[in-house]
Amino acid sequence: MQRKGTLAVISGFSGVGKGTVVKKLLEKYPYALSISATTRAPREGEIDGVSYHFLTKEAFEKKIQDDDFFEWASYVGNYYGTPKSFVMDALAEGKDVILEIEAEGAFKVRKQVEDALLIYMLPPSMDELKRRLVGRGTESEDKIEKRLKKAAEEETFKAREYDFLIVNENIDACVEELHRIIQTRTGISPKHSKLLDDLK
Ligand code: 5GP
């Protein structure tokens, strides 16, 4: 594959605000966002082909068989997958591509694209995460508990395997940090640099 663009994979706790941060990142900078396919039902306000490509289980499984996915995974009882052609084409055109996917898929991506950047978004605290999830009001308490449990598992076992961790305390600051990491491929921000200089 001839590839000129950077592939950035963003994962994080459910409810951490990945969607909002990524949306703002795209409004501000010219990244190409991959739209995933999923078998889960659309939430209120979600549009087919914009939020996700909403597929039946059968249609999704057919695409797995046809090797149409760059990566796919099962998450809380549903399939999620990244359409292969969009990612390949955008990277070949020199675009920097964003995938907002969970950890299993992220590690599959790393196997295929060695220099993909794996970035994990953390909430400032567990209490804040629960507050955001309940506030979103899109899921039952039961689903929230299930998601929080899954989130805690992911943090414990998987976040440490990522290349970069970012904390979503302030949305705009998080957008800038994300952009900086993707463009510079380093965890050292100007703020860190200045501190290092001052410490000399
Ligand atoms: P949600 O149902 O909240 O939209 O997404 C649930 C999880 O699936 C999130 O962690 C999200 O990042 C992940 N996800 C969304 N699209 C994909 C995909 O194409 N592949 C994989 N592996 N995970 C995805």
Side-chain angles (χ1 to χ4, degrees), residues 7-23 25-26 31-57 59-64 66-88 90-91 97-113 116-123 129-130 132-159 161-162 164-166 168 174 178:
L7 183 57
V9 177
I10 300 163
S11 305
F13 283 13
S14 181
V16 72
K18 285 177 305 232
T20 311
V21 169
V22 168
K23 189 167 168 275
L25 179 79
L26 263 88
Y31 289 102
L33 176 68
S34 161
I35 297 172
S36 297
T38 184
T39 57
R40 85 146 161 74
R43 291 189 190 122
E44 175 100 29
E46 285 185 333
I47 300 165
D48 189 28
V50 178
S51 322
Y52 279 104
H53 301 289
F54 294 102
L55 301 181
T56 61
K57 190 162 173 273
F60 198 104
E61 285 173 349
K62 167 92 172 48
K63 281 186 179 291
I64 296 174
D66 292 347
D67 198 25
D68 281 350
F69 289 120
F70 186 58
E71 63 72 39
W72 64 273
S74 229
Y75 182 87
V76 200
N78 283 299
Y79 287 131
Y80 293 84
T82 306
K84 194 186 271 180
S85 54
F86 174 84
V87 174
M88 296 304 189
L91 289 174
V97 176
I98 308 280
L99 306 186
E100 194 214 305
I101 64 176
E102 51 70 73
E104 192 186 326
F107 299 140
K108 285 186 193 163
V109 170
R110 180 185 266 157
K111 277 199 186 139
Q112 295 184 66
V113 179
L117 293 176
L118 268 55
I119 303 163
Y120 199 97
M121 194 181 295
L122 299 168
L129 181 67
K130 193 158 184 195
R132 287 181 197 178
L133 270 173
V134 173
R136 192 164 73 174
T138 51
E139 258 117 332
S140 61
E141 284 273 339
D142 180 51
K143 261 252 150 103
I144 289 174
E145 282 303 325
K146 220 168 169 184
R147 277 171 181 270
L148 274 179
K149 234 179 128 201
K150 178 94 186 173
E153 264 172 41
E154 283 200 8
E155 208 230 347
T156 315
F157 299 111
K158 295 174 183 164
E161 299 297 319
Y162 277 64
F164 299 97
L165 298 180
I166 53 175
N168 183 19
C174 195
L178 194 52

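Predicted model only: the values in this text are computed from it and were never measured. Counting starts at 1 for both ligands and their atoms, in listed order.
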Next item on the list: Indicate the ring-plane relationship of Trp72 and Tyr79, choosing parallel, tilted or perpendicular according to the 30° and 60° boundaries.
Entry: perpendicular

Next item on the list: Determine, stepwise, if the pair Asn78 / Thr39 fulfils side chain to side chain donor-acceptor pair (under 3.5 Å).
Entry: CA-CA 6 Å; Asn78 283 299; Thr39 57; 3.2 Å; yes

Next item on the list: Go through ligand 1 atom by atom and flag the ones less than 4.0 Å from a non-hydrogen atom of Arg40.
Entry: 1 (P), 2 (O), 4 (O)

Note to self: Show the atoms of ligand 1 that are less than 4.0 angstrom away from any heavy atom in Tyr75.
What the structure shows: 6 (C), 7 (C)

Check: With a cut-off of 4.0 Å, which atoms of ligand 1 are near a heavy atom of Ala73?
Finding: 22 (N)

Note to self: For the 3.5 Å polar cut-off, considering only N or O atoms, please tell me whether Gly12 and ligand 1 meet it.
What the structure shows: no

Checklist line | Spatial distance of atom CG (Leu91) from atom CG (Leu7) [nearest 0.5 Å] | finding: 5.5 Å

Next item on the list: Please confirm whether the backbone N or O of Arg43 pairs with a side-chain atom of Glu46, one donor and one acceptor, at under 3.5 Å?
Entry: yes

Next item on the list: Check ligand 1 against Ser36 and write out every atom of the ligand that is under 4.0 Å from a heavy-atom position of the residue.
Entry: 16 (N), 17 (C), 18 (C), 19 (O)

Notebook entry, point to check: Considering residues, nucleotides and ligands other than Lys23, do more than 12 of their heavy atoms fall under 6.0 Å from its NZ?
Noted result: no

Notebook entry, point to check: Near Arg43, which atoms of ligand 1 are under 4.0 Å from a heavy atom of that residue?
Noted result: 1 (P), 2 (O), 3 (O), 4 (O)

Margin query: Please classify the Lys18 to ligand 1 contact at 4.0 Å (heavy-atom distances, strictly less than): side chain, backbone, both or neither.
Written below: side chain

Margin query: Tell me whether Lys130 at atom NZ has more than 12 heavy atoms from other residues, nucleotides or ligands lying less than 6.0 Å away.
Written below: no

Checklist line | Glu71 near ligand 1 by a heavy-atom separation under 4.0 Å | finding: yes

Next item on the list: Report yes or no: does Tyr52 have a heavy atom closer than 4.0 Å to ligand 1?
Entry: yes

Check: Counting distance only, does the side-chain N/O of Lys18 pair as donor-acceptor with the main-chain N or O of Ser11 below 3.5 Å?
Finding: no

